[in-house]
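Just so you know, these numbers come straight off a predicted model, no measurement behind them. In what follows, chains carry the letters A, B, and so on, assigned in the order in which the sequence lines appear, proteins first and then strands, with residues in each chain numbered from 1.
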Amino acid sequence: MEKLESQILQMIRDDQSFDRGFSMLVKNYQEKLYWHIRRMVHFHEDADDVLQNTFIKVFKNIKGFKGESKLYTWLYRIASNEAISYINKNKKHQSLDMESHLTHLENKLKADEYFNSEKAQIVLVKAIEHLPEKQRVVFNMRYYDELSYKDISEILETSVGALKASFHHAVKKIESFITQNIDHVKA
Amino acid sequence: MSRPDKNIPKGYFDNLPQKMSDLISDLKDDVQSSAPHLYRISKEKSYKVPDGYFDQFFNSLNIDQSRTISLISRFRPLVAAASIIGLVTLIWVSGILKQDQDIEMLAMTDVYSYYYDNIDELDHDLIWEISEEEGSIEESLFEDLSQSELDLFEETIISNLTDQELLDIL
């Protein structure tokens, strides 16, 4: 992984090989970043928009990347920030309370051809959506992306201890939400 | 208390608290025991993507447009210098306009129109002078600009001034 990162960065630093290096970067990280974004915004069209914005931002700033952090943690940070901005921007157009928001989300997911609308999955999505923003990001990174706390700490610029606490609280809240909706869950 | 006859790795006790903390936290991460309902729900992706999405993603990125924006940001140092020129020129324009009519009555569109119509008259030598005084702008940046790019650049600066800024200057 580190060898690949340094190879990509070396190519990007040279104007002659920049295009090839950038193409390599996109192709290597697009899927990981896409799924990270998709879990936050839920819908393919939105995830596609955010992923495009993420890579355009990367394109504009990659020359200034000093290598003080790992390349993929830097990419994750940009993707997370882009997704959060996108969510907040859309929130401004909706003034729904949490319950109405979750119902609206459930209906949209059920109608989405790119979502496996098993009840258990919908309950899980709603449980995660119920979390405060920071806990949601930490939970997704740790549980689904299986990133180490050290890497998450680098991405979110938060201490490892605080992240562990966030993850712990997130799991407890999700479990509690699922338990309350257990009748609907047939995993 | 000391047990000099027993050897332990160097720094063992220094690292022990962190090691124990990690161990305890890892145990807490054990979702299987702490959140059995969550654990029962498959982690397999419930989200799907259109066929071939990732194969085509790179080609769908609008990099060419970003290159243009990137080019503009490359010349960002010029914005500062050119803004000064813009201000100086506006004061000069205001001097001329005052000869004919009361500036308070002048529509902002007239100011912009005047500026755009006379874009060729801008003093490019002044840009050089300022760049040398500032010492932060490379001459090569100017050399790379074609006349049309320079005009576009100056138009952008004018557009970026608010009406209030223009009025304040005048």
Side-chain angles (χ1 to χ4, degrees), chain A residues 19 22-27 30-31 34-35 38-39 42-44 47-48 51-52 55-61 63 109 112-118 120-125 127 142-144 146 149 160-161 163-165 167-168 170-179 181-182 185-187, chain B residues 15-77 79 136 138 140-141 144 156:
Chain A
D19 285 357
F22 188 72
S23 157
M24 206 183 208
L25 181 149
V26 173
K27 284 170 184 165
Q30 59 181 5
E31 280 205 49
Y34 174 85
W35 291 118
R38 180 76 186 270
R39 280 187 211 101
H42 305 300
F43 300 99
H44 170 71
D48 182 45
L51 189 65
Q52 298 250 357
F55 279 117
I56 284 171
K57 195 160 259 184
V58 170
F59 177 83
K60 286 184 200 165
N61 294 288
K63 291 262 186 187
L109 285 172
D112 184 5
E113 62 173 313
Y114 298 120
F115 184 78
N116 166 17
S117 55
E118 274 177 30
Q121 294 295 345
I122 288 179
V123 170
L124 179 55
V125 167
R142 180 73 183 143
Y143 189 69
Y144 286 109
E146 297 180 350
Y149 281 118
V160 168
L163 292 172
K164 285 178 178 175
F167 182 76
H168 178 68
V171 169
K172 274 179 71 176
K173 286 182 192 169
I174 290 170
E175 181 69 3
S176 163
F177 187 95
I178 297 171
T179 308
N181 294 273
I182 193 76
V185 179
K186 297 270 187 282
Chain B
N15 299 327
L16 189 61
Q18 186 59 46
K19 211 171 163 183
M20 292 307 294
S21 165
D22 290 347
L23 192 64
I24 291 164
S25 298
D26 284 345
L27 285 174
K28 284 182 182 169
D29 264 11
D30 184 3
V31 173
Q32 186 174 4
S33 59
S34 65
H37 293 112
L38 168 62
Y39 184 75
R40 279 175 55 207
I41 299 176
S42 169
K43 261 171 104 174
E44 288 296 305
K45 290 184 178 87
S46 48
Y47 299 104
K48 292 175 259 179
V49 288
D51 290 340
Y53 171 71
F54 291 116
D55 296 333
Q56 292 152 19
F57 177 77
F58 183 74
N59 295 332
S60 72
L61 265 179
N62 203 347
I63 293 297
D64 287 336
Q65 194 188 345
S66 303
R67 274 188 217 282
T68 314
I69 295 164
S70 191
L71 186 72
I72 291 170
S73 53
R74 197 179 132 218
F75 294 115
R76 193 166 287 152
V79 173
S136 59
E138 293 172 25
S140 59
L141 293 178
D144 289 341
T156 309

Derivation and outcome, side chain to side chain contact (heavy atoms under 4.5 Å, CB included), residues His37(B) and Ile174(A) = CA-CA 9 Å; His37(B) 293 112; Ile174(A) 290 170; over 6 Å; no
Report yes if the distance between the aromatic ring centroids of Phe57(B) and Tyr34(A) is under 6.0 Å, otherwise no.
->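 Not under 6.0 Å, so no.
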Does the cation-pi check pass for Lys48(B) over Phe115(A), that is, NZ or CZ under 6.0 Å from the six-membered ring centre and within 45° of its axis?
->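 No, a cation-pi geometry is absent between Lys48(B) and Phe115(A).
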Please confirm whether the backbone N or O of Pro50(B) pairs with a side-chain atom of Glu113(A), one donor and one acceptor, at under 3.5 Å?
->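 Not at all, since once roles are kept as given, no pair shorter than 3.5 Å links the two residues.
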Looking only at atom types and distance, does a side-chain atom of Gln30(A) sit under 3.5 Å from a main-chain N or O of Phe54(B), one as donor and one as acceptor?
->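 A pair under 3.5 Å: yes.
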Any Leu38(B) side-chain heavy atom under 4.5 Å of Phe177(A) side chain |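 No; the side chains remain at least 4.5 Å from each other.
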Under 4.5 Å from any heavy atom of chain B - which part of Asp112(A) |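 When you check distances to chain B, no heavy atom of Asp112(A) falls under 4.5 Å.
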For Leu51(A), is it the side chain, the backbone, both or neither that has a heavy atom under 4.5 Å from a heavy atom of chain B?
->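 Its backbone and side chain both get close to chain B.
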Just wondering, more than 12 heavy atoms not from Tyr39(B) lying within 6.0 Å of its OH?
->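 At most 12 heavy atoms, drawn from other residues, nucleotides or ligands, come within 6.0 Å of this atom.
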Does NZ in Lys173(A) sit with more than 12 non-hydrogen atoms of other residues, nucleotides or ligands closer than 6.0 Å?
->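 Count over threshold, so yes.
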Find the distance between CD1 (Ile56(A)) and CG (Leu61(B)) and round it off to the nearest 0.5 Å.
->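 So the gap between those two atoms works out to 6.0 Å.
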If you measure from OG on Ser46(B) to CG on Leu109(A), what distance do you get to the nearest 0.5 Å?
->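 If I round to the nearest 0.5 Å, the distance is 8.5 Å.
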Any luck finding a side-chain donor-acceptor pair between Tyr47(B) and His42(A) under 3.5 Å?
->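 Yes, side-chain donor-acceptor contact under 3.5 Å.
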With distance as the sole criterion, is a donor-acceptor pair present between the side chains of Glu175(A) and Ser34(B) under 3.5 Å?
->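 On atom types as modelled, these side chains do not qualify, holding no pair under 3.5 Å.
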How are the rings of Phe22(A) and Phe58(B) set to each other: parallel, tilted or perpendicular (split at 30° and 60°)?
->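 Plane angle between 30° and 60°, so tilted.
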Nearest heavy-atom neighbours spanning Gln121(A) and Ser42(B) |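 What the structure gives for the nearest pair is NE2-O, 3.3 Å.
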